[in-house]
Amino acid sequence: MSTPVLSGGTSFYSGFTRLCKGLAVVLLGGHIVVQLFPSAITYLALIPARTIPFGWNLITAGYIEQSVHGVVASIVGLLFIGKLLEPVWGSREFLKFIFVVNFLTSVCVFITAIALYYITTQENYLYMPVSGFHGVLSGFLVGIKQIIPDQELPLLRRKAKWLPSLTLLLSIAVSLFTLESATYLPTLIFGTYMSWIYLRYWQRKPETKLKGDPSDDFAFSTFFPEFLRPVIDPIASIFHRMLCGRTEASAEAQGYTLGGAPLPGSDPIEASRRRERGARALEERLASERLATAKSGEEVLKDATENV
């Protein structure tokens with residue numbers, strides 16, 4: 001009688017992609033390595049004072065979890081969020097997103113640590129080992145904001161578009177009461193911002209050969225409450241012109257616009273279609289899990305009837 005219950009109960013814990021499972025093994029392996037050989041932290045984690053000779057730590061730091069709770073949270077987040085995002089983006093784009101966001105986040109953390117050292121002259125900013133997958137995980141939340149922004153979250157009673165903002169707000173609040181905030185807060189902040197930059201301006205859409213998500217629903221100001229947006233929008237527009245001013249001119253030169261009207265995929269309509277695909281993928285996955293659970297319930301009831 002217990003076997004059907006187990007199989008039905010684990011339907012929520014199935015459907016993980018092969019790529020996510022492989023990356024989970026990498027995270028677990030990295031954690032085991034630094035536990036067995038503590039000196040490996042010097043070569044694999046991001047230590048700003050050692051990055052110049054050991055430049056590879058800009059890449060490896062994101063896959064090294066130094067604590068048990070860190071590796072568990074990273075693997076769980078990767079598996080569950082990955083099985084939602086990877087089918088929508090595709091395996092290649094999903095892996096590219098992880099690599100780019102991880103690398104750019106490490107670069108930003110490195111620059112910030114150097115700047116803080118010159119401002120405060122405190123050497124701990126140069127020798128503090130920073131590592132972890134949480135920068136990419138915060139980026140995953142931005143991906144959820146993009147593809148299913150209006151999906152209601154039962155536990156939080158908030159829409160999915162607020163996940164990145166709530167996570168950062170909670171992290172900042174926690175950092176006020178902890179001494180180790182410098183080891184994770186910059187990574188979370190830059191992971192969120194770099195993932196938005198990537199999805200907003202750089203992510204290539206195979207169906208249109210264009211890049212980015214120009215929709216107003218994915219603007220930078222949407223991370224903030226409504227009353228702050230009139231202040232945020234002018235500031236964000238400056239960075240927008242810096243990041244994609246030339247790209248927009250190049251797009252027009254290549255014929256991405258026709259008579260002043262954007263071609264299909266270069267306007268918010270394509271972004272809306274992408275969100276519809278994401279919502280549909282989520283609904284299909286939830287429906288399959290509910291079906292598996294229902295079948296398991298029927299098997300349990302039949303088994304119980306036979307035993308009686």
Side-chain angles (χ1 to χ4, degrees), residues 17 19-20 77-105 133-153 156 158-169 188-226 229 232-233 236-237 239-240 243-244 247-248 262 264-286:
T17 66
L19 175 58
C20 287
L78 170 64
L79 292 176
F80 282 94
I81 302 178
K83 74 174 183 177
L84 171 62
L85 295 179
E86 187 181 341
V88 177
W89 290 347
S91 298
R92 183 175 180 179
E93 178 59 36
F94 182 73
L95 185 61
K96 181 181 176 182
F97 173 86
I98 291 175
F99 179 83
V100 172
V101 170
N102 174 59
F103 176 72
L104 292 180
T105 299
F133 198 65
H134 42 284
V136 176
L137 290 181
S138 64
F140 285 167
L141 299 183
V142 178
I144 291 177
K145 171 185 173 68
Q146 182 193 43
I147 64 174
I148 50 172
D150 297 322
Q151 182 72 33
E152 196 76 21
L153 301 174
L156 299 177
R158 293 290 185 273
K159 292 184 177 181
K161 64 182 180 181
W162 293 113
L163 269 177
S165 304
L166 292 174
T167 300
L168 285 183
L169 183 62
L188 287 173
I189 293 174
F190 287 122
T192 300
Y193 186 62
M194 288 298 108
S195 61
W196 177 79
I197 290 289
Y198 179 84
L199 296 174
R200 179 72 167 176
Y201 300 109
W202 299 337
Q203 186 182 53
R204 184 175 296 275
K205 296 173 287 187
E207 62 273 14
T208 61
K209 305 298 183 182
L210 301 181
K211 296 181 180 180
D213 181 352
S215 65
D216 293 337
D217 293 336
F218 197 55
F220 183 70
S221 60
T222 61
F223 287 84
F224 298 87
E226 191 75 31
R229 293 179 188 178
I232 300 297
D233 279 328
S237 65
F239 291 94
H240 174 79
L243 285 168
C244 65
T247 304
E248 289 176 345
S266 60
D267 59 3
I269 295 177
E270 179 57 37
S272 177
R273 291 174 180 171
R274 178 160 42 193
R275 287 192 293 272
E276 290 176 359
R277 289 197 299 270
R280 187 162 54 249
L282 177 62
E283 291 174 359
E284 291 175 355
R285 186 172 296 278
L286 292 176

Exercise. Considering only heavy atoms from C-beta outward, does the side chain of T222 approach that of D217 to under 4.5 Å?
Worked result: no

Exercise. In Å and rounded to the nearest 0.5 Å, what is the NZ to CG distance from K159 to D150?
Worked result: 4.5 Å

Problem set entry | Nearest-0.5 Å distance, NZ of residue K161 to CD of residue Q151 | 13.0 Å

For this session: Please assess T192 against F223 for the test side-chain contact (heavy atoms from CB on, under 4.5 Å), listing each intermediate value before the final yes or no.
Result: CA-CA 10 Å; T192 300; F223 287 84; 4.1 Å; yes

For this session: Take T167 and L137 through the side-chain contact (heavy atoms from CB on, under 4.5 Å) test and state the conclusion after the steps.
Result: CA-CA 11 Å; T167 300; L137 290 181; over 6 Å; no

For this session: Establish, for the pair K96 and Y198, whether the NZ or CZ atom is under 6.0 angstrom from the six-membered ring centre and no further than 45 degrees off its axis.
Result: no

Problem set entry | Approximate separation, where rounding is to 0.5 Å, of L78 CG and C20 SG | 4.5 Å

Exercise. Mind checking whether L104 and F190 have side chains closer than 4.5 Å, heavy atoms only?
Worked result: no

Problem set entry | salt bridge (Lys or Arg N to Asp or Glu O under 4.0 Å) involving R92 - partner list, sequence neighbours excluded | none

Exercise. What's the shortest heavy-atom distance between G82 and P87, and which atoms?
Worked result: O-CD, 3.8 Å

Problem set entry | Residue of the set M194, K145, K211, Q146 for which side-chain contact (heavy atoms from CB on, under 4.5 Å) holds with L199 | Q146

Exercise. Between S195 and F97, which heavy-atom pair has the shortest distance, and what is it?
Worked result: CB-CZ, 3.6 Å

Problem set entry | Donor-acceptor contact below 3.5 Å, side chain W196 vs main chain F218 | yes

Problem set entry | Partner of F140 by side-chain contact (heavy atoms from CB on, under 4.5 Å), out of I81, V101, L163 | I81

For this session: Could you tell me whether a side-chain N or O of R200 sits under 3.5 Å from a main-chain N or O of S215, the two making a donor and an acceptor?
Result: yes

Problem set entry | Pairwise side-chain contact, I98 with V136, heavy-atom cut-off 4.5 Å (strictly under) | yes

Problem set entry | Matching residue for S138 among T105, L188, L168 - test: side-chain contact (heavy atoms from CB on, under 4.5 Å) | L188

Exercise. So, R229 side chain and F224 main chain: donor-acceptor pair closer than 3.5 Å or not?
Worked result: yes

For this session: Output the distance between atom CG (L85) and atom OG1 (T17), rounded to the nearest 0.5 Å.
Result: 10.0 Å

Exercise. Got a second to check how far L141's CG is from L166's CG, nearest 0.5 Å?
Worked result: 10.0 Å

